[in-house]
Amino acid sequence: MKKAVISGSASGIGSCVKARLEKQGYDVIGIDLKDASVTADLSTTEGRSSAIRNALKELGGEIDILVLAAGLGGHLDDGQLVAKVNYYGAIELLDGFRDALAARKGRCVVISSNSAQMGTDPENPIITSLLDGSEADAMEAIGELPAAATYGASKHAVARAIRRRAAEWGAKGIRLNAIAPGQTETPLFRGAADHPTIGQAVTAIPIPMARVAAADELAGVIEFMLSDAAAYMHGSIIYVDGGTDAQLRPDAF
Ligand code: NAD
């Protein structure tokens, strides 16, 4: 039986991907804070290591598919917590599962966000310390900033971390890509959209298609990215956002 690991499997986009892979016959190990086969808190180093250890134990050390969807929204007060889950909770798991993926010529999709490029300075010290410093350095760069200042930065760093691994991972036979969703109806999005102070800014983001996505519309694209039909897709950041990024940055890609 083919084996898949999904973080953030208990809700939203991750739970839709889980349902689609189970329908295809995959043995799916979900990782989440609760309602998952592996419960772990990905905001901590110990939680991330125990998630990797327990998932590998359940799957006998081999993984065909990895989807990293666990995340927290930009409406939260704790900017450090959001960066810990969104960046280290994705990238440490990615690296921890690398050998298990290489053993099966695996495929991975990591969830970034179209906010990764919304007025983002690529030299922002939060981004450079996430990518190149220690976790302590990154937390020092964030200080007391709220998640509004770290959500896009963490998603930008995730996308660059994927692209930085493309050469080495491709040579190992692993396909590694990221998806950059726009506004998608999930508990995370609802928390941001209904937030008393940042909600208005979130819902004012233009969407050419004039609606938010359903979580399963993102899951459908992720399923495609993991499929044989996408066999040559590697190192790509795929925007699925109803046209928002094209509207905001028409001459950049
Ligand atoms: P969601 O809230 O429905 O699901 C996120 C999941 O992550 C939840 O099951 C939650 O329990 C889990 N999670 C949160 N903190 C965790 C922790 N410390 N340890 C383990 N699990 C934890 O949200 P979603 O919208 O489906 O989010 C999926 C991904 O998509 C996230 O990475 C999010 O940043 C990204 N994203 C979402 C949107 C959107 O509009 N919904 C847009 C762009 C990107």
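When a ligand or atom number is given, it counts from 1 through the structure's own listing order.
In terms of protein heavy-atom proximity, atom 23 (O) of ligand 1 is nearest to Leu188 CB, 3.2 Å. Protein heavy atom closest to atom 37 (C) of ligand 1, with residue, atom name and distance, is Tyr151 OH, 4.0 Å. At the shortest separation from atom 38 (C) of ligand 1 among protein heavy atoms lies Gly182 O, 3.9 Å. In terms of protein heavy atoms, atom 25 (O) of ligand 1 is closest to Thr186 OG1, 2.6 Å. Protein heavy atom at the shortest distance from atom 40 (O) of ligand 1 is Thr184 N, 2.8 Å. The shortest contact between atom 26 (O) of ligand 1 and any protein heavy atom is with Ile13 N, 2.8 Å. The single protein non-hydrogen atom nearest to atom 12 (C) of ligand 1 is Asp32 OD1, 3.3 Å, given as residue, atom name and distance. Atom 35 (C) of ligand 1 has as its closest protein heavy atom Ile111 CG2, 3.5 Å.
Note: no N/O pair closer than 3.5 Å links Asn86 and ligand 1 by distance alone. At least one N/O-N/O distance between Ser11 and ligand 1 falls below 3.5 Å. Considering both main-chain and side-chain atoms, Ala69 comes within under 3.5 Å of ligand 1 through a nitrogen or oxygen pair. In terms of polar-atom proximity, defined here as any N/O pair under 3.5 Å, Asn114 makes no such contact with ligand 1.
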Applying side chain to side chain contact (heavy atoms under 4.5 Å, CB included) to Arg98 and Glu168, what does each step give before you reach the verdict?
CA-CA 11 Å; Arg98 187 191 60 180; Glu168 190 191 332; 2.8 Å; yes
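At a 4.0 Å cut-off, at least one heavy atom of Lys155 sits close enough to ligand 1 to count as contact. Heavy-atom separations between Gly89 and ligand 1 are all 4.0 Å or longer. Judged by the shortest distance from any of its heavy atoms, Gly73 lies outside the 4.0 Å radius around the atoms of ligand 1. The closest approach between a heavy atom of Ala90 and any atom of ligand 1 is not below 4.0 Å.
Side-chain atoms of Leu21 and Lys2, non-hydrogen and from C-beta on, never get closer than 4.5 Å to each other. Arg107 has its side chain within reach of Asp228: a pair of non-hydrogen atoms, C-beta onward, lies under 4.5 Å apart.
In Ala40, the part holding a heavy atom less than 4.0 Å from any atom of ligand 1 is the backbone.
Of all atoms in ligand 1, listed by their number and element, those nearer than 4.0 Å to a heavy atom of Gly12 are 3 (O), 26 (O).
For atom 44 (C) of ligand 1, the nearest non-hydrogen atom from the set Gly71, Ala215, Ser112 belongs to Ser112. Nearest-residue assignment for atom 15 (N) of ligand 1 (options Leu42, Leu72, Val212, Val240; heavy-atom criterion): Leu72.
Follow the hydrophobic side-chain contacts under 4.5 Å out from Ile63 and you never reach Ile6; the two are in separate clusters.
Residue Arg165 forms a side-chain contact (heavy atoms from CB on, under 4.5 Å) with just one option from Val110, Ile91, Ile174, and that option is Ile91.
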